[in-house]
There are 2 protein chains.
Amino acid sequence: MVAKINEITSLLKDKGLNVTEIRRQLVALLWTPGSALTQKEIEEALEQELGSVDRVTLYRNLRLLMEKQVIHQIPMDAQTVKYKLAGAHKKVDHPHFHCSHCDKLLCMPQVKIEENMLPGGFVIQSSHLIIEGVCDLCNIPQKPEEPLKD
Amino acid sequence: MVAKINEITSLLKDKGLNVTEIRRQLVALLWTPGSALTQKEIEEALEQELGSVDRVTLYRNLRLLMEKQVIHQIPMDAQTVKYKLAGAHKKVDHPHFHCSHCDKLLCMPQVKIEENMLPGGFVIQSSHLIIEGVCDLCNIPQKPEEPLKD
DNA sequence: TTGATTTTTGCAACCATGTTGCAAAAATAG
DNA sequence: CTATTTTTGCAACATGGTTGCAAAAATCAA
């Protein structure tokens, strides 16, 4: 985590944001590939790192980081939204794979949703896809991935 | 709408639910194929049909109808959930197409998400897909579908 | 480095919505 | 039609989104 401080600082500055402790921790939390957290999970994690964090401050920083496209919201189901570091992806909405074992949320840009999959006459503007299952690493019985959670 | 009262009553009874005015109106609202409404939209529509509806009553009935699988929630984006009449579909999650012109939400069971679309080792348990675009009817300039909204 | 300026934070406060308990009203069964 | 069960509407509380404002922190310039 410590090794990434410079990278995180650069990322924030590149996006025109001042560097504050909360922002650094927020980005650090989501820095790990596959990491995607709910607001509650973020709140609990920040609690540990920084002591209690004001919910308004968290709210404003999440909103700001979204505006600056540092992070994205991903609706997992009707009652759950996760936050994820925005990759260098062009499209806002690209497919994700959620591993029910290790809880990682991985980008799956190779999965394409195209008009020829639909009946005639339908035009696609964008699409949103989440695939739920078990990822390649967790799927090897000999070398199971540690769950991120717990 | 009137012609459907018997069908709606049967549907409710088949699911083991008593028939009340709110439940009938709720199902009637979502009866039209492609109809999918947010809670706010439902609230406003019921307002017109029944006068003001208590939000707790609406909340409890939506929850009940979901438990009985009469309706489903569909997360459209991070801040929007729509309710839709549950079809005779086996799988809870099946692809939908949302028309940005007429606002209809159509089931697209012909679109399949399969493991061979993923890198090796990934196993699919379920998937959730919403395609945003223009539907076949709205796509014919000569005969545009009336928007459901307005 | 220090002090001035700008930005961010933390708090009070408000609103919308989820959720429960309870008594009154409505639906169902006999 | 009446008795019983279910549902509704209301009060009340919890949670999370949202704003304004003063204190604290970060940035900038000398």
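So you know, we letter chains A, B, ... as the sequences are listed, proteins then strands, and number each from 1.
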Query raised in the report: Hey, what else clusters with B/Val123 if you join Ile, Leu, Val, Met, Phe, Trp, Tyr whenever side-chain heavy atoms sit under 4.5 Å?
Result: A/Val134
Query raised in the report: Given D/dG17, is OP1 or OP2 found less than 4.0 Å from the side-chain N or O atoms of A/Gln39?
Result: yes
Report task. Please work out if A/Lys13 contacts a base, only the sugar-phosphate, or nothing of the nucleic acid, heavy-atom cut-off 4.0 Å. Result -> nothing
Query raised in the report: With sugar-phosphate meaning primed atoms plus P, OP1 and OP2, does A/Asp54 contact a base, only sugar-phosphate, or nothing at under 4.0 Å between heavy atoms?
Result: base
Query - Between the first and last five pairs of the helix from C/dT1-D/dA30 to C/dG30-D/dC1, the angle of the axes, rounded to 10 degrees - result: 40°
Roughly how many Å is it from [atom1] in [X] to [atom2] in [N], rounded to a whole number?
{"X": "A/Glu41", "N": "D/dG16", "atom1": "CD", "atom2": "P", "value": "13 Å"}
{"X": "A/Arg55", "N": "D/dG17", "atom1": "CZ", "atom2": "P", "value": "8 Å"}
{"X": "B/Gln79", "N": "D/dG17", "atom1": "CD", "atom2": "C1'", "value": "11 Å"}
{"X": "A/Met66", "N": "D/dT18", "atom1": "CE", "atom2": "C1'", "value": "13 Å"}
{"X": "A/Leu17", "N": "D/dT27", "atom1": "CG", "atom2": "P", "value": "11 Å"}
{"X": "A/Tyr83", "N": "D/dG16", "atom1": "OH", "atom2": "P", "value": "12 Å"}
{"X": "A/Arg24", "N": "D/dA25", "atom1": "CZ", "atom2": "P", "value": "14 Å"}

Query - B/Phe97: partners by ring-ring contact (aromatic ring centres under 6.0 Å, His included), with sequence neighbours left out - result: A/Phe122
**Report entry** NZ/NE/NH1/NH2 to OD/OE distance under 4.0 Å, A/Lys82 and A/Asp103
**Finding:** yes
Query raised in the report: What residues, two or more places apart in sequence or in another chain, satisfy side-chain contact (heavy atoms from CB on, under 4.5 Å) together with A/Lys13?
Result: A/Thr9, A/Val19
Query raised in the report: Are side-chain heavy atoms of A/Leu65 and A/Leu17 found at a separation under 4.5 Å?
Result: yes
Query raised in the report: So do B/Leu30 and B/Tyr83 actually touch side chain to side chain, heavy atoms under 4.5 Å?
Result: yes
Query raised in the report: Is there a donor in the side chain of B/Arg63 and an acceptor in the side chain of B/Tyr59, or the other way round, less than 3.5 Å apart?
Result: yes
Report summary line: Ranking A/Thr20 and B/Arg60 by the position along DNA chain C of their nearest nucleotide, the one closer to 5' is A/Thr20
Report summary line: Footprint ends on DNA chain C, 5' to 3', for atoms under 4.0 angstrom from a heavy atom of chain B, come out as C/dT17 to C/dT28
Query - Contact summary for A/Asn18 and A/Arg23, nearest pair of heavy atoms - result: O-NH1, 3.2 Å
Query raised in the report: Looking at residues at least two apart in the chain, or sitting in another chain, which of them share a side-chain hydrogen bond (donor to acceptor under 3.5 Å, both in side chains) with B/Glu132?
Result: B/His98
